[in-house]
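Heads up: the structure comes next, in structure tokens.
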There are 2 protein chains.
Amino acid sequence: MSRNDNISMSVIRRLPRYYRFLSELNEQNIDKISSTKLAEIMNVTASQVRQDLNCFGGFGQQGYGYSVSQLKEEIQNILGLNNNYKAILIGAGNLGKAVAKHMNFEKLGFELIACFDCNEEKVGKKLNNLTIMHDSLLDEFCQNNKINTAFLCIPRVCVENVLDKLYGYGIKNYWNFSHYDIARKYSDTLVENVHLSDSLMTLCYKMNNRDKIL
Amino acid sequence: MSRNDNISMSVIRRLPRYYRFLSELNEQNIDKISSTKLAEIMNVTASQVRQDLNCFGGFGQQGYGYSVSQLKEEIQNILGLNNNYKAILIGAGNLGKAVAKHMNFEKLGFELIACFDCNEEKVGKKLNNLTIMHDSLLDEFCQNNKINTAFLCIPRVCVENVLDKLYGYGIKNYWNFSHYDIARKYSDTLVENVHLSDSLMTLCYKMNNRDKIL
DNA sequence: TAGATTGTTAATCGATTAACAATC
DNA sequence: TAGATTGTTAATCGATTAACAATC
């Protein structure tokens, strides 16, 4: 099935976007689409669509196009959204709460099974269906549960301490909202960073250079 | 000063990262750094550092290196972080609250001057130093205040309606947390999108392909 | 002056786009 | 069969890296 073992991250990062647009088309009960039309909708080139998809297999049919529902499923599988990776949330502050409540983890390949905070006031409160636990229970929880991922929503200065523990318990995948550089310390981790301030600074730059950009 | 009028977005997106590392070095009272050392710290090539910086000017000194504090300031200026762009927040849900409380807007070139929500229960409550206002007050507020940017923390389906109003009042810069495609509808807008679910899906892919990646 | 390190040009690498033969 | 559209190769474009002359 896979025609190309060395898929570039540029391609990977476009997959969620394909997935979103295909999901929409699917909801609109559109059952076939050509690379040209899909490209139009997504504001990319038809060549890119075909090249991207062909990294993973020949999902289309010459003369016809692509089956929307099939292609959506294929990308779902490529991304691995049918997984049920167990995740824990570290930090139930504003950001942690937002992340926990805002995301539909089941549709994204994850299940949030616990959340921790160092603040006594938060401990015992509910977050979704979970009761927030104190950081001191982390060790016990990690020993008794298989955890695939940690979502880090704590300040940068707190990360190293927690990370050392989590890594010690074999957790090697992180969704990281801090600026702490996880992969530098532990090179066999997989990390997705969300740098909100970087994004806002980029907007600031664009605003300063409106004329050059538009 | 600017040697290159057509800076690529690849370069721009690296600037916040330079800025962060330089800020750290500055806090550690390190006053000079060579492209080689900076590259090492940032895990990039020295060539890239020099190329990137030279898009904007010759900030270094041959035989010596770069002044940390000067370079930090230069990038601060390039990004426009000394601005005081007036921003309003639309949506004071979990995500909106997290964004409002979590970010240090002043250091990022912005000032949050109001926030709005359509939920009567939230109206009147405080968010930072601001009182959450009902969406129905948006028109009046926009007429009486100069607003540069809107931070959209509302569900996708709610965006178009609000966007039309905001655009009508001349707001053309958006920090967008929804999947609504603002730039498609209004092509003279500047948009920074934050797609949290895309990031998590990418992590999911990486986890599924750990062996290929690491 | 000698050593260090930049600024900048040239070479390489990778990603995107164009073109078209294969085929449904 | 004729028309449409893919899969795939080749061409182009842009970004990264290497090299080195300029110079502090």
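First the proteins, then the strands, lettered A, B, ... as listed; each starts at 1.
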If you look only at pairs with a residue in residues 188-214 of chain B, which of them pass as a ring-ring contact (aromatic ring centres under 6.0 Å, His included), with sequence neighbours excluded?
B:His179-B:His195

Whole-Å distance between C:dT6 P and B:Leu71 CG?
11 Å

Rounded to whole angstrom units, what separation is found between the CD atom of B:Gln48 and the P atom of C:dT5?
20 Å

Value in whole Å for how far the P atom of D:dG7 lies from CG of A:Asp52:
12 Å

Check: A:Ser178 main-chain N/O paired with A:Asn176 side-chain donor or acceptor under 3.5 Å
yes

Hey, could you give me the SG/CD1 distance between B:Cys118 and B:Ile154, rounded to the nearest 0.5 Å?
8.0 Å

Rounded distance in Å - CD (B:Glu40) to C1' (D:dT17):
17 Å

Whole angstrom is fine here: how far is it from CG in A:Asn54 over to P in C:dA15?
16 Å

All stems with DNA chain C, defined as three or more consecutive Watson-Crick or G-U pairs under 3.5 Å:
C:3-24 with D:3-24

CG of A:Leu38 versus C1' of D:dT6: gap in Å, rounded?
13 Å

Please work out which residues in residues 9-26 of chain B have a non-hydrogen atom less than 4.0 Å from an atom of DNA chain D and list them by number.
B:Ser10, B:Arg14

Among residues at least two apart in sequence or on other chains, which ones pass salt bridge (charged side-chain N to carboxylate O under 4.0 Å, His left out) with B:Arg13?
B:Glu192

What string of B, S and - do you get for nucleotides 18-24 of chain D, 5' to 3', when a contact is any protein heavy atom under 4.0 Å?
BBB-BBB

Can you list, pair by pair, the side-chain donor-acceptor contacts under 3.5 Å of residues 86-112 of chain A, counting residues two or more places apart and other chains?
{"unit_1": "A:Lys86", "atom_1": "NZ", "unit_2": "A:Asn84", "atom_2": "OD1", "d": "2.5"}
{"unit_1": "A:Lys86", "atom_1": "NZ", "unit_2": "A:Glu111", "atom_2": "OE1", "d": "2.7"}

Once ring-ring contact (aromatic ring centres under 6.0 Å, His included) is applied, what residue pairs with a partner in residues 9-49 of chain A remain, sequence neighbours excluded?
none

Examine C:dT5: is either OP1 or OP2 under 4.0 Å from a nitrogen or oxygen in the side chain of B:Ser35? Give yes or no.
no

The side chain to side chain donor-acceptor pair (under 3.5 Å) partners of A:Arg17 (sequence neighbours excluded) come to none

Applying ring pair (Phe, Tyr, Trp, His ring centres under 6.0 Å) to B:Tyr186 and not counting sequence neighbours gives B:Tyr167

For B:Leu53 and C:dT5, what is the distance between atoms CG and C1' respectively, to the nearest whole Å?
13 Å

Could you check how far OH of A:Tyr66 sits from P of D:dA4, rounded to whole Å?
18 Å

Got a sec, which residues hit salt bridge (charged side-chain N to carboxylate O under 4.0 Å, His left out) with B:Arg210, two or more places apart in sequence or on another chain?
none

Among residues two or more places apart or on two chains, list those pairs meeting salt bridge (Lys or Arg N to Asp or Glu O under 4.0 Å) that have a residue in residues 162-190 of chain B.
B:Glu160-B:Lys185, B:Asp164-B:Lys185, B:Lys172-B:Asp188, B:Asp181-B:Arg184

Enumerate the residue pairs fulfilling salt bridge (Lys or Arg N to Asp or Glu O under 4.0 Å) with a member in residues 18-40 of chain A, sequence neighbours excluded, ordered by first and then second residue.
A:Arg20-B:Asp198, A:Glu24-B:Arg156

